[in-house]
> 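One structure is given below, represented as structure tokens, and several questions about it will come after.
All values below were derived from every heavy atom in this structure, side-chain atoms included, with hydrogens, water molecules and symmetry-related copies excluded.
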Amino acid sequence: MTPPRYEGFVRMPDAEFEAMLARAAEKGAKRALADVGLDGEEAALDIRDLRSLLDCIRLVRRTAMQTAVRMITTGVMLALLAGIALKLKIFGGGP
């Protein structure tokens, strides 16, 4: 059975068209996942592992930034304390 045509266009009911679109989208999504190697029985586990890995990378990045800020702050505090100690001549006499 061929679908009816109207002025060169194929006419079909909306429900049938939406069902066809849904099937095409599902096939396209499955093909895209297969192309990147995320198909099969363990695909959900692989995706969970990838998300966990991304969470770990974000945690490492955040921790590295916090560590850098702490080191800079500690360096500034040590420099201030050294300056105060020199100014008050705590470590020995000077001129």
Side-chain angles (χ1 to χ4, degrees):
M1 173 179 175
T2 59
R5 294 181 178 265
Y6 179 73
E7 295 180 10
F9 295 100
V10 175
R11 307 269 302 174
M12 67 176 60
D14 287 343
E16 185 179 340
F17 180 68
E18 287 178 10
M20 186 173 63
L21 282 178
R23 285 192 309 269
E26 185 177 341
K27 275 185 163 181
K30 285 181 181 179
R31 185 179 302 157
L33 288 172
D35 287 348
V36 296
L38 292 174
D39 59 340
E41 301 274 327
E42 297 183 1
L45 180 63
D46 292 342
I47 290 173
R48 269 187 247 118
D49 288 345
L50 286 171
R51 286 179 185 235
S52 175
L53 181 62
L54 287 174
D55 287 340
C56 290
I57 289 171
R58 289 184 187 115
L59 177 66
V60 166
R61 190 182 311 149
R62 189 178 327 120
T63 304
M65 190 62 120
Q66 289 173 352
T67 302
V69 168
R70 285 183 183 145
M71 289 178 69
I72 291 170
T73 304
T74 303
V76 169
M77 294 298 289
L78 285 173
L80 286 172
L81 286 174
I84 291 170
L86 288 174
K87 189 72 170 171
L88 297 176
K89 299 178 185 178
I90 292 176
F91 295 116

> Taking salt bridge (Lys or Arg N to Asp or Glu O under 4.0 Å) as the test, write out the residues that go with R58, two or more places apart.
D55
> Name all pairs fulfilling the salt bridge (charged side-chain N to carboxylate O under 4.0 Å, His left out) condition that reach into residues 25-36, sequence neighbours left out, sorted by first residue then second.
E26-K30
> Is it the case that one hydrophobic cluster holds both M12 and L21, taking links as side-chain heavy atoms less than 4.5 Å apart, direct or via other members?
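Linked, M12 and L21 end up in one cluster.
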> Starting from I47 and following side-chain heavy-atom contacts under 4.5 Å between hydrophobic residues (I, L, V, M, F, W, Y), which residues can be reached?
L33, V36, L38, L50
> Tell me which pairs pass side-chain hydrogen bond (donor to acceptor under 3.5 Å, both in side chains) where either residue lies in residues 63-80, with sequence neighbours left out.
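Every candidate side-chain hydrogen bond (donor to acceptor under 3.5 Å, both in side chains) pair involving residues 63-80 fails, so no pair, neighbours aside, qualifies.
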> Among Ile, Leu, Val, Met, Phe, Trp and Tyr joined by side-chain contacts under 4.5 Å, find the other residues sharing a cluster with L59 and list them by chain and number.
none
> Check for me, please, whether L88 and L80 land in the same ILVMFWY cluster - side-chain distances under 4.5 Å, paths through other members count.
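They do not share one cluster, since no chain of ILVMFWY contacts under 4.5 Å joins L88 to L80.
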> Could you list the residues that satisfy salt bridge (Lys or Arg N to Asp or Glu O under 4.0 Å) with E18, not counting sequence neighbours?
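Salt bridge (Lys or Arg N to Asp or Glu O under 4.0 Å) check on E18 returns nothing, list empty.
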> Does L81 belong to the same Ile/Leu/Val/Met/Phe/Trp/Tyr cluster as I90, with side-chain heavy atoms less than 4.5 Å apart forming each link?
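L81 and I90: separate clusters.
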